[in-house]
Each structure stands twice: as structure tokens, then as C-alpha cells.
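The basis for the numbers below is simple: all heavy atoms, side chains too, and nothing from hydrogens, waters or symmetry mates. All chains are named by letter (A, B, ...) in the order of the sequence lines, taking the proteins before the strands, and each is independently numbered beginning at 1.
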Protein chains: 2
Amino acid sequence: MTDLNSLLSPFFLNDKEIRKVIELLFFSYRDFTSGPDKILEKLNFGRAHHRIIYFVGKKNNITIKELLLVLQITKQSLSRVLNQLVNEKFIIVSTGIDKRTKKLSLTEKGEKLENQLSTIQINKIKRVINKYSEENINGFKEILYDMIETDNKKTFQQIND
Amino acid sequence: MTDLNSLLSPFFLNDKEIRKVIELLFFSYRDFTSGPDKILEKLNFGRAHHRIIYFVGKKNNITIKELLLVLQITKQSLSRVLNQLVNEKFIIVSTGIDKRTKKLSLTEKGEKLENQLSTIQINKIKRVINKYSEENINGFKEILYDMIETDNKKTFQQIND
DNA sequence: ATAATTAAGTCAATATGACTGACCTAAATA
DNA sequence: TATTTAGGTCAGTCATATTGACTTAATTAT
């Protein structure tokens, strides 16, 4: 199987090379999140808090439903973490025109934290990406995009329209 | 800040575009792991089990210490998950020449599972990557590699020498 | 030969992030 | 008026991880 594969595939599509991609994704993603993790720890927050802060910062006045769609967790899971952020005044809640909905936005304090966390990740990406051609960078983004499942591709487009 | 950035940076290095990379990493990594997760669930295993199986499969006769270096978790964390895999005969333990060490390898049962899980991820990467040029694929891998912290780059090289 | 270090393991307590299931309220829509 | 939708809540559970303290056995250094 692997032998046949080695014969038929070009080098960069060999199973062995593909496995390296698996590992690169694992290592790079872990290191990508480790920077913010250290700051969050001091506030007794975790990665779940980061994700909420990120997406609320991304789309002001996002509703609970929209947030759940992006995060793909249950509302019970969201509840605890979100309430902490609201109680500690990183996020402020208001009522939508549809009075059943709630709209979430970052407070000034929340924006400050969001900025602090995002800056780490943005700078890391910038530092890395700077060395590459526009062609390579676009390829990188397109490959990542193609790895997303159809439904979530739509979600990605929605938050970026 | 962002305005200045927009003026000085080429489009593909704008903060807004960089933020898309943050999201692409989040969405793609989540979907990348979701396939194996479904199989693991049936066995009452989680992602932690997957990682152990993957790296034991990658490097036969890996020691506990080496495995901890790769996974970057505590031995107490490893213990519970690894013991499950050993008890359920996915992994077999033997003693090294240095009798303090233990060597881990996959049983036939473990190899079967490893293969099942890896195949999902390998095929996913292949499906995606097929559409791209060698140049793009190499760029993709290099960018991911550059996102890894120095120490972990060494670990990556070690398991791939 | 003894002391120090290393590899591995264990016990206990704790935190975080997630889940299911059941149930509730209020508002909007059919 | 009935149904659906948005959101919330209570309770219990599970998986993954942590810190800290301590043990055993084997290897290495003095």
C-alpha cells in the first residue's frame, strides 16, 4: 500500500510527506495558541474565553445564536464562560430589536484584552508570512480554507462579508 | 494604528487579512480533527488517545520521556490515557536496555486503529492538496513549520530524522 | 562504594471545557 | 391561538489537563 503509493505519487504527496503535514498542523496550532494562553491564565481565563472575546470583537452586536454557530458548542457550555466575561465586564449585553435576542459587544476593557491577545497572534503570523511571496501566502490561505467543511466554510464567509 | 497599517502594508498583510488567517487556522484545525474524533468516540477514546497512538505509531519503541516531550503534557496526564490504551491492548510496553526506560509500540489492534484514524486525515490532506502546485504545497508546509517555536521545531526534526 | 540523578509511577486535589437531558420564559411568527 | 424561536437554567457527567508530594529502581558521577 505504502510502497505502491510511493511509486505512484510525486514526492510531495507521499504518505510520509503527508504525515508531516499532520504533525506540522499539530505543532503549529499548539504554538499558535500558547502565547495568548499565558495572558489568559493570569486572568483565570482559558481558550474558551479567548474564542468568545475574539468573535465578539470580530462582529459587534453578535447574538448568542450566531456565536454558538461559530463556536459549535452547546449553549450550556457557552453560558458559564460568557457569564464570567459579562460579570467581569469584558463583554456587555444589550437587547436586540427582536426582543428575544441579545447582542454582545466588547467593553473598553474587553477591547483592550482582545487587542492584547490578537496582537500576539497577528504579529506571529506577520513575522512568519513576511518571508513569503504573495503567491505562497495566498496558497497557504486557500489550502487552509479548503480544509474546512462546507457548512463551516459558509460560517467563515458570513463573519467575513 | 490599523489605518496606518492598511496604508503601509500590501493587501495580503493587512491586519484584516491576517485576522482571516487566525480564523482559517481555527476552523481548519477543528474540522481536521473532527473526523477521527467520531471513530474515537465509539471506543470511548478522545483526542488524547489519538495523539498517543499517532506518535507511538510514528516512532516505534518510543519511551515515555520522548512521548512526553512531543506531547508536552505531564506524566500524570499521560498516565491515565496511556494505561487505557495498554489495558485495551492497543499499545504494548517493553523494557529498554536501560532498564529504567519503557518502550511503547502499537499492537496489531493498535496499528489497525492508527491506520484507520490517519487514513482519514491523510485522505483529507491529499484531497485538498491535489489541486495545488508543488510550489504552493511546499510554501504551505514551510509556513506551518515557521509557526512552530524553536524548541518544538527540534522535536519535529527529531521525530522525522 | 556511595551519592546524585534519571525514568517512571502513583495518590490526591483541582480546573477547564465540554457534554446530555430536562425544563422554563418570553417574544415572534404561522 | 398554536407553534416556533431565542435564550436561560439546573443537574449530573466526562475528558483532559494541572500542581504537589512522594516512591521505586536503575544508572551515572564522585
With a cut-off of less than 4.0 Å, is there a side-chain N or O of [X] near OP1 or OP2 of [N]?
| X | N | result |
| --- | --- | --- |
| Lys102(B) | dG9(C) | yes |
| Arg51(A) | dA18(C) | yes |
| His49(B) | dT16(D) | yes |
| Ser77(B) | dT18(D) | yes |

May I ask you to say whether Glu149(B) pairs ionically with Lys124(A), meaning some side-chain N is under 4.0 Å from a carboxylate O?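 Yes.
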
I'd like to know if Asp15(A) and Lys126(B) make a salt bridge, using a cut-off of under 4.0 Å between side-chain N and carboxylate O.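 Yes.
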
Is there, by distance only and without an angle test, a donor paired with an acceptor across the side chain of Lys75(B) and the base of dA8(C) below 3.5 Å?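 Pair found.
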
For a quick check, tell me whether the side chain of Gln76(A) and the base of dG17(C) share a donor-acceptor pair closer than 3.5 Å. no

Judged by modelled atom types alone, do Glu23(A) and Asn160(B) share a side-chain donor-acceptor pair under 3.5 Å?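 Judged by distance alone, the side chains do pair up.
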
Mind checking if [X] touches a base, just sugar-phosphate, or nothing, with heavy atoms under 4.0 Å?
| X | result |
| --- | --- |
| Gln84(B) | nothing |
| Arg47(B) | sugar-phosphate |
| Leu78(A) | nothing |
| Leu67(B) | nothing |

In whole angstroms, how far is the [atom2] atom of [N] from the [atom1] atom of [X]?
| X | N | atom1 | atom2 | value |
| --- | --- | --- | --- | --- |
| Leu43(A) | dT16(C) | CG | P | 12 Å |
| Asn83(B) | dA15(D) | CG | C1' | 15 Å |
| Lys42(A) | dT16(C) | NZ | C1' | 19 Å |
| Arg100(A) | dA27(C) | CZ | P | 10 Å |
| Arg80(B) | dA17(D) | CZ | P | 8 Å |
| Asn44(B) | dC19(C) | CG | C1' | 13 Å |
| Asp37(B) | dA15(D) | CG | P | 13 Å |
| Phe45(B) | dC14(D) | CZ | C1' | 15 Å |

Tell me which of Gly46(A) and Asp98(A) sits closer to the 5' end of DNA chain C, going by the nucleotide each one is nearest to.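 It is Gly46(A) whose nearest nucleotide is closer to the 5' end.
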
Given [options], which nucleotide is nearest the side-chain atoms of [X]?
| X | options | result |
| --- | --- | --- |
| Thr101(A) | dG7(D), dT16(D), dT16(C) | dG7(D) |
| Thr74(B) | dT19(D), dA18(C), dA6(D) | dT19(D) |
| Ile73(A) | dC19(C), dG9(C), dA15(D) | dC19(C) |
| Ile64(A) | dG8(D), dA26(D), dT16(D) | dG8(D) |

Could you tell me how the ring of Phe156(A) sits relative to the ring of Phe27(B): parallel (under 30°), tilted (30 to 60°) or perpendicular (over 60°)? perpendicular

Check for me whether the distance between the ring centres of Phe90(A) and Phe45(A) falls short of 6.0 Å.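 Here the rings of Phe45(A) and Phe90(A) have centres that are less than 6.0 Å from each other.
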
Using only atom types and a distance under 3.5 Å, with no angle test, would you say the side chain of Gln84(A) pairs donor to acceptor with the backbone of Val81(A)? no

